[in-house]
Participant: 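Shown below is the structure under consideration.
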Amino acid sequence: MTLDQRNGNFVTAPSAADLLAWYDRHRRSLPWRAPAGERPAPYRVWLSEIMLQQTTVAAVAGYFVDFIRRWPSVEDLAAAPTEEVMSAWAGLGYYARARNLHACAKVVAEEFDGRFPDTEQGLRALPGIGPYTAGAIAAIAFDRRAAAVDGNVERVMSRVFRVETPMPQGKPEIRARTEALVPEDRPGDFAQALMDLGATICTPRKPACALCPWMEPCQGRAAGVVETLPRKAPKAERPVKRAAVFWAEAPDGSVLLARRPPKGLLGGTEGPWSSELTSDTDPAEALVHAPFPADWARLAGTVEHGFTHFTLQMTVFAATGVAAEAPAGARWATLDELKEAGLPTALMKPAAHALAALHGPAAAKRLRKRPK
DNA sequence: CAATCGTGGAT
DNA sequence: TATCCAAGATT
């Protein structure tokens, strides 16, 4: 029992034991989790944590099952061509994760004999593993006493301890508070319990405080400010940028696919040829960005895609019956090969737009990923 | 530190 | 329809 000097209230500290007791009754069953009391394989923990970065459980589940079936071990994943990993990742977003995933698998397979480091520090040195993921893997896969501070934990802790400092300035305090609470026993369950609590009880809006194991010690609730936490600076508004997408079809019906440079927006993915997506291209002057001279026809309408930090408005140009060599970094591919390649959603949209315009809606529908 | 980097679901 | 934002890392 301590005194909160901000309002003169006496507060009790939240206990790991109360949270773990709640977790034992309400833990979610997820594809990457082991049965209660068992420790999941580090490979599965790592793969799931990378996929779950800024990505919802629902979006990840199918990809996780696919990856595990296709590459059952880290050695299998390391041995795969990077292009196959990128294709398997297509649609999940943040493609740097896929590149780092493969790079990390190679390091673990080739330099660590297929075994992941079992400490936070060791994990942190691997590509794609930052402070959160290192803590999560150390705790969940190796039962190390490590904190895993993600968005859920940030929200829970900012509320329980009533941290009113806006993020990211408040992060150090959140981390210190979390580290102090991690128990010697069951640190992995503690990490997952905290995330489950944030995902199912201590939600951004309308938290279910009445069901919360930490309702009593929650200072945010006592002060009536739960839903205002964590505090965040207002976000800058998203500019609209324009790009030109070039849909080329050869006489045999194959289409032009270009591999994007490894870094930057959609880095390493394949898709139709386009102007720079991060600059702003005037549609009237778009043809200078075409892959080769052809009878380009501007298709009616535009295609929009919202990225985190800007909205992209794409104008699509199409040419059919093209007999031309594919430029460097591009290839002619059948529609089946296009589906196999896996396009990011942002580029699947203009592809579908072109197919619908040239061959009808039914042709566009065939682009959709078939359920496996 | 601030900007960059995807996507889909919920509200 | 617009906004938020989810198991963040990298530069």
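What you see is a predicted model, and the numbers here were worked out from it, not measured in a lab. Quick note on labels: first sequence line is chain A, next is B, and so on, each numbered from 1.
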Participant: Can you tell me how far P of dA9(C) sits from CG of Leu123(A), to the nearest Å?
Facilitator: 12 Å
Participant: As a quick check of understanding, evaluate side chain to side chain donor-acceptor pair (under 3.5 Å) for Asp252(A) and Ser254(A), giving each step before the final call.
Facilitator: CA-CA 6 Å; Asp252(A) 68 355; Ser254(A) 58; 2.7 Å; yes
Participant: Which residues satisfy the ring pair (Phe, Tyr, Trp, His ring centres under 6.0 Å) test with Trp71(A), sequence neighbours excluded?
Facilitator: Phe67(A)
Participant: For His26(A), give me all partners under ring pair (Phe, Tyr, Trp, His ring centres under 6.0 Å), at least two apart in sequence or on another chain.
Facilitator: Trp22(A)
Participant: Find the distance Ile50(A):CD1 to dA9(C):C1' and express it as a whole number of Å.
Facilitator: 9 Å
Participant: Donor-acceptor pairs are to be reported for all side-chain atoms of residues 342-361 of chain A against protein atoms at under 3.5 Å, with residues two or more places apart or in another chain.
Facilitator:
| unit_1 | atom_1 | unit_2 | atom_2 | d |
| --- | --- | --- | --- | --- |
| Lys349(A) | NZ | Glu304(A) | O | 3.4 |
| Lys349(A) | NZ | His305(A) | ND1 | 2.9 |
| His353(A) | NE2 | Ala300(A) | O | 3.0 |
| His359(A) | NE2 | Glu249(A) | OE1 | 3.0 |
| His359(A) | NE2 | Glu249(A) | OE2 | 2.9 |

Participant: Please report the distance separating the P of dA9(C) from the corresponding atom of dG8(B), rounded so that it comes out in whole Å.
Facilitator: 22 Å
Participant: Run the ring pair (Phe, Tyr, Trp, His ring centres under 6.0 Å) test against Trp214(A) and tell me which residues pass, sequence neighbours left out.
Facilitator: none
Participant: Output the residues of residues 127-137 of chain A in contact with DNA chain C, where contact means a heavy atom of the residue under 4.0 Å from an atom of the strand; sort by number or write none.
Facilitator: Pro127(A), Gly128(A), Ile129(A), Gly130(A), Pro131(A), Tyr132(A), Thr133(A)
Participant: For DNA chain C, which residues of residues 174-198 of chain A approach it to below 4.0 angstrom with any heavy atom?
Facilitator: Met195(A)
Participant: Excluding sequence neighbours, so at least two apart, what forms side chain to side chain contact (heavy atoms under 4.5 Å, CB included) with Ser73(A)?
Facilitator: Glu75(A), Asp76(A)
Participant: Can you list everything that forms a salt bridge (Lys or Arg N to Asp or Glu O under 4.0 Å) with Glu154(A)? Sequence neighbours excluded, please.
Facilitator: Lys171(A)
Participant: Find the distance Glu120(A):CD to dG8(C):P and express it as a whole number of Å.
Facilitator: 16 Å
Participant: Distance check: side-chain N/O of His309(A) vs OP1/OP2 of dC5(B), anything under 4.0 Å?
Facilitator: yes
Participant: Which whole-number value in Å describes the distance from Gln169(A) CD to dA2(B) P?
Facilitator: 7 Å
Participant: How many whole angstroms separate atom CD of Glu227(A) from atom P of dC5(C)?
Facilitator: 12 Å
Participant: Show the atom names and distances, to 0.1 Å, of all donor-acceptor pairs under 3.5 Å that link a side chain in residues 230-246 of chain A to residues at least two apart or in another chain.
Facilitator:
| unit_1 | atom_1 | unit_2 | atom_2 | d |
| --- | --- | --- | --- | --- |
| Arg231(A) | NH2 | Glu164(A) | OE1 | 3.0 |
| Arg238(A) | NH1 | Phe307(A) | O | 2.7 |
| Lys241(A) | NZ | Thr278(A) | O | 3.0 |
| Arg242(A) | NE | Asp280(A) | OD1 | 3.3 |
| Arg242(A) | NH2 | Asp280(A) | OD2 | 3.0 |

Participant: In a table with atom names and distances, give each donor-acceptor pair under 3.5 Å that connects a side chain of residues 86-110 of chain A to protein atoms at least two apart or in another chain.
Facilitator:
| unit_1 | atom_1 | unit_2 | atom_2 | d |
| --- | --- | --- | --- | --- |
| Ser87(A) | OG | Glu83(A) | O | 3.1 |
| Ser87(A) | OG | Ala341(A) | O | 2.6 |
| Trp89(A) | NE1 | Gly93(A) | O | 2.9 |
| Tyr95(A) | OH | Gly91(A) | N | 3.1 |
| Arg97(A) | NE | Tyr94(A) | O | 3.3 |
| Arg97(A) | NH1 | Ile50(A) | O | 3.1 |
| Arg97(A) | NH1 | Met51(A) | O | 2.8 |
| Arg97(A) | NH1 | Gln53(A) | O | 2.9 |
| Arg97(A) | NH1 | Thr55(A) | OG1 | 3.0 |
| Arg97(A) | NH2 | Thr55(A) | OG1 | 3.3 |
| Arg97(A) | NH2 | Leu92(A) | O | 3.2 |
| Arg97(A) | NH2 | Gly93(A) | O | 3.0 |
| Arg99(A) | NE | Pro262(A) | O | 3.0 |
| Arg99(A) | NH1 | Pro262(A) | O | 2.8 |
| Arg99(A) | NH1 | Gly267(A) | O | 3.0 |
| Arg99(A) | NH2 | Pro262(A) | O | 3.4 |
| Asn100(A) | ND2 | Ala96(A) | O | 3.2 |
| His102(A) | ND1 | Thr82(A) | OG1 | 2.9 |
| His102(A) | NE2 | Leu77(A) | O | 3.3 |
| His102(A) | NE2 | Ala80(A) | O | 2.7 |

Participant: Whole Å only: how far is the NZ atom of Lys241(A) from the P atom of dT4(B)?
Facilitator: 7 Å
Participant: CZ of Arg155(A) versus C1' of dC4(C): gap in Å, rounded?
Facilitator: 12 Å
Participant: Crowded around Asp282(A) CG? As in, over 12 foreign heavy atoms under 6.0 Å?
Facilitator: yes
Participant: Describe the nucleic acid contact of Trp32(A) in one word from base, sugar-phosphate, nothing, applying a heavy-atom distance below 4.0 Å.
Facilitator: base
Participant: In B/S/- notation, 5' to 3', how is nucleotides 6-11 of chain B contacted by protein heavy atoms closer than 4.0 Å?
Facilitator: BBS---
Participant: Roughly, in whole Å, what's the span from CZ in Arg99(A) to P in dT4(B)?
Facilitator: 16 Å
Participant: Hey, can you pull the donor-acceptor pairs under 3.5 Å for the side chains in residues 189-198 of chain A, sequence neighbours left out?
Facilitator:
| unit_1 | atom_1 | unit_2 | atom_2 | d |
| --- | --- | --- | --- | --- |
| Asp189(A) | OD2 | Arg186(A) | NE | 3.0 |
| Asp189(A) | OD2 | Arg186(A) | NH2 | 2.9 |
| Gln192(A) | OE1 | Arg33(A) | NE | 3.0 |
| Gln192(A) | NE2 | Gly188(A) | O | 3.3 |
| Asp196(A) | OD1 | Arg28(A) | NE | 2.9 |
| Asp196(A) | OD1 | Arg28(A) | NH2 | 2.8 |
| Asp196(A) | OD1 | Arg33(A) | NH2 | 2.8 |
| Asp196(A) | OD2 | Arg28(A) | N | 3.0 |
| Asp196(A) | OD2 | Arg33(A) | NH1 | 3.0 |

